[in-house]
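Reminder, nothing fancy here: chain letters follow the sequence lines and each chain counts from 1. These numbers were taken from a predicted model, which means no experiment stands behind them.
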Number of protein chains: 2
Amino acid sequence: MSSFSSDTRTRILEATWSLLESQAKNVRMSDIAKAAGISRQALYLHFLNRAKLLVATTKHIDSVKDVDARLAESRAATTGMERLDAFVTAWCNYIPEIYSVSVALRAMRASDAEAAQAWDNRMQAVRQGCASAVAELATDGMLNPDLSENTATDLLWTLLSVENWERLVRECGWKQAQYVSSMKSLTSSELIMGNSKS
Amino acid sequence: MSSFSSDTRTRILEATWSLLESQAKNVRMSDIAKAAGISRQALYLHFLNRAKLLVATTKHIDSVKDVDARLAESRAATTGMERLDAFVTAWCNYIPEIYSVSVALRAMRASDAEAAQAWDNRMQAVRQGCASAVAELATDGMLNPDLSENTATDLLWTLLSVENWERLVRECGWKQAQYVSSMKSLTSSELIMGNSKS
DNA sequence: TGTAAAGTTGACACGGTGTCAATAGGTGAT
DNA sequence: ATCACCTATTGACACCGTGTCAACTTTACA
């Protein structure tokens with residue numbers, strides 16, 4: 001419980017975060033150490049390896065940004081359509097917060113099993129959110145009859161991927177608001193029964 | 001023009017290709033050399049670095065699979081809707097062919113500017129195909145009036161990304177045919193004016 | 001005052017890419 | 001025939017980033 005060590009730990013996490021936010025590419029352990037004001041080796045006293053550090057950083061961001069509270073809103077919705085809308089909004093607006101860390105984590109996937117696992121877990125959690133929204137849509141009888149619940153979940157999950165956000169917002173230069181509203185209309189027009197364009 | 005050297009070159013490319021197809025992850029220069037039956041150093045006589053080798057491999061696949069002929073079909077379509085359909089079909093069915101190399105190339109993006117550039121070029125070419133299809137849709141007056149040509153192109157390009165294929169086919173286990181028909185209905189319902197679900 | 005935790009410096013192994021030098025063998029032109 | 005060239009070989013090595021280890025110092029606190 002010594003405030004000492006835990007201070008250093010969060011200083012490391014904050015340093016990692018801000019480095020990833022800024023330059024984004026090729027952040028090395030030594031860069032992070034320097035930014036946190038400790039030696040490179042001391043980093044390994046707190047995190048066994050780079051993957052664990054990145055994972056801890058995402059969790060740190062989650063707690064700072066209070067992801068749970070944001071998603072709670074969508075679970076509180078009473079109808080399936082409201083829930084879908086709330087979920088899409090909440091998640092789409094959360095993507096930019098974790099984007100920079102996600103880049104680093106995804107880049108490690110190919111070479112590091114632990115990083116791959118961590119990213120996969122996160123995505124499965126998102127998928128779970130998608131599945132819940134779809135399920136509620138189905139019980140309301142509002143799910144597009146061409147789609148099974150599973151297929152609809154796959155589709156929703158795919159549309160809401162970080163990679164799609166990356167492409168539209170970062171590569172194509174869309175405004176975040178434009179992205180969100182596009183995703184809302186896209187998902188609702190695909191998932192909700194008998195929906196043509198507004 | 002010595003058939004000798006050029007034989008080795010294609011042997012290298014074939015070896016790279018088949019290695020990427022099989023194990024997919026962490027294919028090293030030494031692995032490729034071994035598979036091609038030459039020394040690791042000799043690889044560098046043919047390709048200056050790993051990025052160039054991967055790029056050459058994609059081009060080799062393109063020529064073997066005759067990507068131009070496949071896409072020519074979509075350019076031959078007379079109406080915008082036919083063209084969109086043909087383009088989506090052709091590209092979606094081409095993705096599996098280049099997928100394994102794309103994984104390797106994308107994995108290098110973070111660390112290697114040349115690989116990033118090469119992947120980007122390829123994707124811009126795909127975007128060009130999307131733009132052409134959208135343009136023809138627009139001249140036919142069939143483009144969804146909610147969308148500018150640019151926005152429609154962005155959307156189409158995003159939907160047809162390799163990453164989305166990867167998620168649906170590899171992660172979610174969709175059959176290729178299911179993926180293609182989903183993409184066809186998804187793109188047409190989003191891009192074509194006044195389209196509800198079939 | 002002694003112990004433990006947290007940190008320091010310096011050195012090193014490992015894996016993978018890319019480079020270099022010295023050498024060998026086959027091919028083709030003169 | 002021989003010279004030059006091209007392709008290939010072996011072996012060694014530099015560079016980079018991660019992760020590890022050992023020896024030592026500083027700080028906290030009981």
Side-chain angles (χ1 to χ4, degrees), chain A residues 1-16 19-20 23-57 101 103-118, chain B residues 1-16 19-20 23-57 101 103-118:
Chain A
M1 202 64 35
S2 69
S3 68
F4 194 61
S5 83
S6 129
D7 270 6
T8 305
R9 191 188 145 92
T10 65
R11 227 170 56 235
I12 292 170
L13 293 172
E14 293 281 334
T16 307
L19 275 180
L20 291 173
Q23 32 175 87
K25 57 168 41 191
N26 290 347
V27 175
R28 290 155 300 188
M29 294 298 269
S30 53
D31 297 328
I32 296 169
K34 194 187 299 176
I38 59 173
S39 67
R40 186 176 71 89
Q41 290 79 345
L43 227 46
Y44 291 94
L45 299 176
H46 294 270
F47 304 95
L48 288 182
N49 53 48
R50 202 179 112 101
K52 286 189 166 56
L53 170 54
L54 291 184
V55 172
T57 304
V101 195
V103 171
L105 208 47
R106 278 151 53 209
M108 285 193 76
R109 264 189 310 180
S111 55
D112 187 300
E114 195 170 342
Q117 180 66 26
Chain B
M1 201 68 29
S2 67
S3 69
F4 195 60
S5 84
S6 129
D7 269 7
T8 304
R9 191 188 145 91
T10 64
R11 228 169 57 233
I12 293 170
L13 294 172
E14 293 282 335
T16 307
L19 275 180
L20 291 172
Q23 31 176 87
K25 56 169 41 189
N26 290 347
V27 175
R28 291 155 300 189
M29 293 299 267
S30 52
D31 297 327
I32 296 170
K34 193 187 301 176
I38 59 171
S39 67
R40 186 177 71 89
Q41 289 77 346
L43 227 45
Y44 290 95
L45 298 177
H46 293 270
F47 304 96
L48 287 182
N49 53 47
R50 201 178 113 101
K52 286 189 166 58
L53 170 54
L54 291 183
V55 172
T57 304
V101 194
V103 171
L105 207 46
R106 277 151 54 210
M108 285 193 76
R109 264 189 311 180
S111 56
D112 186 300
E114 196 171 340
Q117 181 66 27

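Rounding to whole angstrom units, CZ of residue A/F47 and C1' of C/dA6 are separated by 14 Å. The distance between atom CG of A/N49 and atom P of D/dT20, rounded to the nearest whole Å, is 8 Å. For A/D7 and C/dG7, the CG to P distance is 10 Å, given to the nearest whole Å. In this structure, A/I12 places its CD1 atom 11 Å from C1' of C/dA6, rounding to the nearest Å. The distance between atom CG of A/L53 and atom P of D/dG19, rounded to the nearest whole Å, is 10 Å. Per the geometry, NZ belonging to B/K52 stands 16 Å off P belonging to C/dT17, to the nearest Å. One atom, CG of B/L45, and another, P of C/dA24, lie 18 Å apart when rounded to the nearest Å. Between the C1' atom of C/dG18 and the CE atom of B/M108 lies a distance of 12 Å, rounded to the nearest Å.
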A/L13 vs A/L53, side-chain contact (heavy atoms from CB on, under 4.5 Å): CA-CA, chis, key distance, verdict: CA-CA 8 Å; A/L13 293 172; A/L53 170 54; 4.0 Å; yes

Test side-chain contact (heavy atoms from CB on, under 4.5 Å) applied to A/L54 and A/R50, step by step: CA-CA 6 Å; A/L54 291 184; A/R50 202 179 112 101; 4.0 Å; yes

Run A/I32 and A/V27 through side-chain contact (heavy atoms from CB on, under 4.5 Å) and show every step you take. CA-CA 7 Å; A/I32 296 169; A/V27 175; 3.6 Å; yes

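Nearest heavy atoms, B/A51 versus B/A115: CB-N, 4.1 Å.
Remark: side-chain polar atoms of A/R40 are not paired, donor with acceptor, to backbone N or O of A/S30 under 3.5 angstrom.
When the salt bridge (charged side-chain N to carboxylate O under 4.0 Å, His left out) test is applied to A/E14, no partner is found at least two apart in sequence or on another chain. The side chain to side chain contact (heavy atoms under 4.5 Å, CB included) check on A/V55 picks up A/K59, A/L105, A/A118, with sequence neighbours excluded. Not counting sequence neighbours, B/D112 has no partner by the salt bridge (charged side-chain N to carboxylate O under 4.0 Å, His left out) test.
Considering only heavy atoms from C-beta on, B/L20 stays 4.5 Å or farther from B/V103 through its side chain.
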Pull out every protein N or O sitting under 3.5 Å from an N or O of nucleotides 25-27 of chain C, one pair per line with the distance.
none

Anything under 3.5 Å between a protein N or O and an N or O of nucleotides 13-16 of chain C, put it in a table, one pair a line.
| unit_1 | atom_1 | unit_2 | atom_2 | d |
| --- | --- | --- | --- | --- |
| C/dG16 | OP1 | B/R28 | NH1 | 3.2 |
| C/dG16 | OP2 | B/R28 | NH1 | 3.0 |

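Near DNA chain D, defined here as any heavy-atom distance below 4.0 Å, the residues from residues 36-44 of chain A are A/R40, A/Q41, A/Y44, listed numerically.
Contact annotation: A/S30 does not reach the phosphate of D/dG17 (side-chain N/O to OP1 or OP2, under 4.0 Å). Put simply, B/H46 has a side-chain N or O that comes within less than 4.0 Å of OP1 or OP2 on D/dA8.
Residue A/I38 holds its CD1 atom at 7.5 Å from CG of A/L45, rounded to the nearest 0.5 Å.
Between A/K34 and A/D31, none of the side-chain N atoms (NZ, or NE/NH1/NH2) sits under 4.0 Å from a carboxylate O, so this pair counts as no salt bridge.
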